[in-house]
Amino acid sequence: MEPGKFGPYLRELRTRRGLTQEQVAEALRVSGAAVSKWENGKCLPDLTKLEALAEVLGVGILDLMRCGAAPAPRLAPENAGPDPAAQSWRHQARGAAVLLIFTALVIFLQYFPLHRVVQVWQPSWYETGEISQLAYVGSREEWQTAQPVLELAEQAFSDLSLTEAEAAVRYGELRRYCFPRDRYPEVVREEHDLDLWSAHFSGSSGQMWVFYSQEGYDAAGNRKAGSWRVPSLWYLERALDGTWEVIYIKEHP
């Protein structure tokens, strides 16, 4: 897939289905900014998102990866006779097997993204038990539990209107993702990507692995602050009213 071809094709499929970027983002559990970047050809979605994206758009995974283009026809060599029926059957069986293996791999990586374990393997910083939570993304119910926390985090990332003290009151530990106006008075615009990697809740405690990038810009469009491609572990606690609150954030310094 090429970002320049994939973006317009994704936009065409989305509009044909009558969906907004936010609706696609919600179905894939990513931010609206991520979908916007896909459609603008800035980047491609994670491999583990392709199956869900294809389902939302009502197309097959291979069609999505080909950006709607039909596969190039196979040219027979000169003077070659027609393929025997057995040879044709073998080609069809081989193609079906490849598709089956690819689909199984996508599904497996969607729920057991072991490559992320390798990505954050920092024994000197994260403990083995913390890293092991990345081996399984969590149940559908746990992801639903995490959604209000992600929504609050999205607000914290986007909020440029508060002072540090006000951000602490409104967002608690998530205040670290704000650009407080008394600390970053030059920042007038921000961009971010925020993806949920895994969610695990048990009793009154929970942990969420998230992956984000964030940049703040001044009025002239110059980048003044931000972080790029950061894995982050959030510890949560359930309050008396049943809501979940981030009580501690662990990131590699």
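Residue numbers start at 1 and run along the sequence shown. From a predicted model like this one, the values you see are computed outputs, not experimental measurements. Just the heavy atoms: all of them, side chains too, but no hydrogens, waters or symmetry mates, feed the values below.
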ask   = Out of curiosity, Lys37 NZ to Ser31 OG, how far, rounded to the nearest 0.5 Å?
value = 8.0 Å
Results of ring pair (Phe, Tyr, Trp, His ring centres under 6.0 Å) for Tyr212 - residues two or more places apart only = Phe157, Tyr177
query = Rounded to the nearest 0.5 Å, how far apart are CG of Leu13 and CG of Leu10?
reply = 7.0 Å
ask   = Does anything in residues 236-253 pair up under salt bridge (Lys or Arg N to Asp or Glu O under 4.0 Å), and if so which pairs, sequence neighbours excluded?
value = Glu130-Lys250, Arg176-Glu251
query = Can you check whether Arg11's main-chain N or O pairs, donor with acceptor, with Thr15's side chain at less than 3.5 Å?
reply = yes
Identify every side-chain donor-acceptor pair in residues 194-203 under 3.5 Å, counting partners at least two apart or on other chains, and give the distances.
unit_1, atom_1, unit_2, atom_2, d
His200, NE2, Gln133, O, 3.0
His200, NE2, Tyr136, O, 3.0

ask   = side-chain hydrogen bond (donor to acceptor under 3.5 Å, both in side chains) with Ser205: which residues, sequence neighbours excluded?
value = none
query = Residues in side-chain hydrogen bond (donor to acceptor under 3.5 Å, both in side chains) with Glu12, at least two apart?
reply = Arg16
query = Between the side chains of Trp234 and Ser232, is a donor N or O closer than 3.5 angstrom to an acceptor N or O?
reply = yes
key: Short side-chain donor-acceptor distance under 3.5 Å, Glu39 and Gln21   = yes
query = Less than 4.5 Å apart, any side-chain heavy atom of Arg116 and any of Trp209?
reply = no
request  = Give every residue pair that meets the salt bridge (Lys or Arg N to Asp or Glu O under 4.0 Å) criterion with at least one member in residues 203-222, sequence neighbours excluded.
outcome  = Glu215-Arg223
